[in-house]
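Written below as structure tokens is the structure these notes are about.
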Amino acid sequence: MDEILEQLNDSQREAVVYNEGPSLVIAGAGSGKTRVLTYKIAYLLKNGISPYNILALTFTNKAAREMKSRIARLVDEDTARRLWMGTFHSIFSRILRREADKFGYKSNFTIYDAQDSKNLIKSIIKELALDDKIYKPASVQARISQAKNAIITPEQYLSDRELIADDNNNRRERTGQIYSIYWNRCRAAGAMDFDDLLLYIYLLFKNNAEVLERYRNQFRFILVDEYQDTNSVQHEIVRQLAEEHHRVCVVGDDAQSIYSFRGANIGNILNFRKTFPETKLFKLERNYRSTKTIVNAANSLIKKNEEQIPKTIYSENAAGEKIKVISAYSDFEEGYNVAARIAEMRMLEKYDYKDFAILYRTNAQSRIFEESLRKINIPYRIYGGLSFYQRKEVKDVVAYMRMVVNPNDEEAFKRIINYPARGIGDTTVGKITAAATTHEVSLWTVISEPLKYNLPVNAGTAAKLKKFHDLISRFISGDETQNAYETGGAIIRETGMLTDLYNDKTPEGLSRVQNVEELLNSLYEFVSTRMEQGIAEIRLVDFLAEISLLTDQDTEKDEASSRVTMMTVHAAKGLEFKNVFVVGLEENLFPSERSRDSFREIEEERRLFYVAITRAEENVVLTYAKNRFRNGKSDSCHPSRFIGNIDPEYLNMPNNQWVENTPQINRTPQPQPRTEQYVNPRKITQIERSKNEVSRESIGNLSVGTIIIHERFGRGKVLALTGENENARASVEFESFGTRQLLLKFAKYEVVK
DNA sequence: GGCCGGGGCATTTTT
DNA sequence: TGCCCCGGCC
């Protein structure tokens, strides 16, 4: 016991040993939050609390997995395994499967991912003959999700004046109806979306006193990680479970709340003490990760936010370097600067590539850095993009599995009814859907008994449907005797998917085959580990239950390999790197344009920036460009207000600072329309060939020796001038890009002197 | 059923 | 600019 407590600092220890009532642990960035959580659980276990009585909720599988293995090291493997520790969604789906009959579901329910639910919403909008320009599936989906996160059922939605008024104002008066249909369709399909996993738990506890009582008795200690990211339902569920014994410990950092757009409610953590008035507050204020400079800079930044729990984060590490701010003339040059700086730091200070991260506000920014890094052969890895389970070929196979486990699954049905092609087109599917809606049954039920449901199809189509029905039925009965891996194999062989994929010899086709193989491999691994554990029945339903809650974050990346990491700031939360480049620090990008008019959203953007800076252990570099190519055109931009939010004593501003203050310099003689001002280098070379070679001392405001700043190439010196009027050209030697020919008609530059 | 091209569009996304 | 979605066409 003592050895556990010895490894903690005073404030960590205080938080760990207090378990008699509600507690709120405010854990600053890098302050050992995970340590407190894991040690607290280990402490409880060593005090004789059964793992069965501890509920520990996280947001990511990764976090749960890491904590589990750390606890296993502190206590033992077996005890750690028996903890009720996992994501909100996975723990709750486990309970929901167990209690499914209490709310009219079966324990084999499928989980719709975001794409599934969007597709279903899309079809409902279509079926209602609504205009999908007005009822944009994504917006409707967001609206439904918000409702569920705020504990509003369709019934409540339809009688909520405020929501109705809101929808009416937006000319989307039928949103409530869509929600209601969506709700019922999910039920008919035996499917739940991610939000349902929370909402149904809440409803289950609310409507079944004896069930709630059972879980209250079981979960005698409740711990929640990242509390600043919880939404209203999650908060209410915690309240439901902890209401009697109040042994609940929530851990988080209000300064790192960056997911409000997904329903996270920062009020949950700010006002936790209102929910549980006798809450003890613990603050972990010592940052172990970063230099003093970084911590102080981050403090000075976050001080500008009004809504927060007061705290003083400090570091006992070295002072470290100032935060370097690098200004660039273009996004293009920004990319060059970052790549060059990484190469330089690696050479001079013996850093490894994996010690660097480039963090940006939007995924679209990644491309330019990819190019600049590739140009000088710096290996990199981009996080984000399509995850394994979102790839078409993987989703196809999974859809068959879903049909086997739950043939009522509407989205799986629609996905595979005609894949591989079997001549069942949209018209037929439309008829099936219509019949299903009329009779309030699933699509599968309709094709099981087409005559009973008056399905208006000709004999040929009916035969095709029967063949499909037989195929799935065969898998279903096979699944009763086989293990999951055998069923999986049967699916890819007997549907013809494997042949279909093998026939494609393109590189993409090859990678599709590999992905399907990888899926089968993971199924094999799933089955064999369970067999080793002596579990006799390993069913597909268990495999699906597991993978439907996995994400990209969970597919292992070889973190050992040395590469520069690129990702959005959101994706970087919880990670740390020696050196962090936060790029694109411009108004309307970071903070994003959309948050411009909202105080709350600006504060969230500032927290996002805070998260970015506090990822760094040793160095932070901030960059911005004065011109950026965005949405097909070049825009001039201003440095982000957030740079100015940092106390200047921690900043190392660019030595060409004066550039920002120079009001306006001579533009190109005749300003061109924006689209024409952007000239790609290839075009320039073509123009070059049709030249006349008259050398000149000066043209317009340019002379040999003039220093200019070009929109994309940056600072440079005019070496020679030739031609006249339309053909006037300058040969310019740029500091970063060597000598370039500019056709003055198009070139966008400013004269410095 | 698959391919092509025009039009619209364009944050962040732990589950 | 570049991607995605849809509709039209073979």
Side-chain angles (χ1 to χ4, degrees), chain A residues 57-65 86-93 111-119 122 126 132-133 136-138 141-142 145 148-149 192-199 225-231 233-234 252 256-264 331 359-365 367-368 383-387 389-390 418-426 545-554 567-575 584 588-596 601 604-605 607-609 611-612 628-635 674-675 678 680:
Chain A
L57 299 170
T58 65
F59 274 85
T60 64
N61 295 300
K62 195 175 159 205
R65 211 170 33 235
T87 63
F88 280 90
H89 293 82
S90 76
I91 296 284
F92 290 172
S93 77
I111 295 168
Y112 277 173
D113 68 15
Q115 195 55 54
D116 292 321
S117 53
K118 191 151 123 200
N119 288 341
K122 202 188 274 179
K126 212 169 234 174
D132 67 0
K133 297 277 181 315
K136 289 191 195 125
Q141 183 184 27
S145 176
K148 288 182 175 178
N149 288 165
M192 290 208 180
D193 64 22
F194 291 137
D195 301 318
D196 287 332
L197 296 175
L198 308 175
L199 183 51
D225 191 16
E226 306 276 21
Y227 208 74
Q228 76 282 356
D229 291 335
T230 51
N231 60 33
V233 213
Q234 287 164 323
Q256 295 186 63
S257 167
I258 55 171
Y259 279 105
S260 75
F261 70 96
R262 297 187 78 226
D331 48 357
L359 308 183
Y360 35 75
R361 181 64 182 79
T362 68
N363 284 305
Q365 290 165 258
R367 243 194 53 197
I368 212 131
Y383 285 71
L386 219 49
S387 85
Y389 289 102
Q390 287 172 341
N418 203 29
Y419 179 80
R422 44 178 78 88
I424 304 171
D426 289 346
E546 185 167 295
I547 64 165
S548 51
L549 294 173
L550 287 183
T551 59
D552 198 31
Q553 309 266 317
D554 300 308
M567 60 173 104
T568 63
V569 182
H570 280 95
K573 202 181 98 185
L575 306 178
N588 296 333
L589 180 59
F590 199 172
S592 101
E593 194 168 6
R594 303 208 186 185
S595 60
R596 197 167 44 183
E601 287 178 46
E604 177 146 323
E605 296 278 318
R607 291 193 293 268
L608 189 58
F609 186 40
V611 167
R628 181 172 295 278
F629 208 69
R630 263 176 104 184
N631 299 347
K633 56 185 195 304
S634 178
D635 275 335
R674 266 187 175 161
T675 39
Y678 177 79
N680 75 41

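To find a chain, count down the sequence lines: A is the first, B the second, and so on, and within it residues start at 1. Side chains are part of it too, since the values below use all heavy atoms of this structure and drop only hydrogens, waters and symmetry mates. Quantities reported herein were computed from a predicted structural model and do not represent experimental measurements.
- A:Arg607 pairs by the salt bridge (Lys or Arg N to Asp or Glu O under 4.0 Å) definition with A:Glu604, not counting sequence neighbours.
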Just by protein heavy atoms under 4.0 Å, how would nucleotides 2-10 of chain C read 5' to 3' in B, S and -? S---S----
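- Between the C1' atoms of C:dC6 and B:dT11, the separation comes to 25 Å (whole Å).
- The separation between A:Arg628 atom CZ and C:dT1 atom C1' is 14 Å, rounded to whole Å.
- Scored by the salt bridge (Lys or Arg N to Asp or Glu O under 4.0 Å) test, A:Glu601 finds no partners at all (sequence neighbours excluded).
- For A:Lys573, the salt bridge (Lys or Arg N to Asp or Glu O under 4.0 Å) partners two or more places apart in sequence, or in a different chain, are A:Glu226, A:Asp229.
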B/S/- contact track for nucleotides 6-13 of chain B, protein heavy atom under 4.0 Å: ----BBBB
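- Among the protein residues, A:Gly423 comes within range of the sugar-phosphate backbone only, with heavy atoms under 4.0 Å from sugar or phosphate atoms but none that close to a base.
- With sequence neighbours excluded, the residues satisfying side-chain hydrogen bond (donor to acceptor under 3.5 Å, both in side chains) with A:Gln141 are A:Ser117.
- Atoms NE2 (A:His89) and P (B:dT15) sit 9 Å apart, rounded to a whole Å.
- For A:Arg422, the side-chain contact (heavy atoms from CB on, under 4.5 Å) test picks out A:Tyr400, A:Asn418, A:Pro420, A:Ile424, A:Phe468, A:Leu471, with sequence neighbours left out.
- A:Leu57 has its CG atom 19 Å from the P atom of B:dT14, to the nearest Å.
- OP1 or OP2 of B:dT15 sits under 4.0 Å from a side-chain N or O of A:Asn61.
- Checked by atom type and distance alone, the side chain of A:His89 never pairs as donor or acceptor with a backbone atom of A:Leu197 at under 3.5 Å.
- Residues satisfying the salt bridge (Lys or Arg N to Asp or Glu O under 4.0 Å) test with A:Asp195, not counting sequence neighbours, are none.
- Salt bridge status for A:Asp132 with A:Lys126: absent, with no side-chain N to carboxylate O gap under 4.0 Å.
- In this structure, A:Leu550 places its CG atom 8 Å from P of B:dT15, rounding to the nearest Å.
- Position along DNA chain B of the nearest nucleotide to A:Asp195 versus A:Ile424 favours A:Ile424 as the more 5'-ward residue.
- Atom CG in A:Asp331 sits about 12 Å away from atom C1' in C:dT1, given to the nearest Å.
- Applying the ring pair (Phe, Tyr, Trp, His ring centres under 6.0 Å) criterion to A:Phe59, with sequence neighbours excluded, gives A:Phe88.
- Using atom C1' as the reference point in both C:dC5 and B:dT12, the two lie 23 Å apart (nearest Å).
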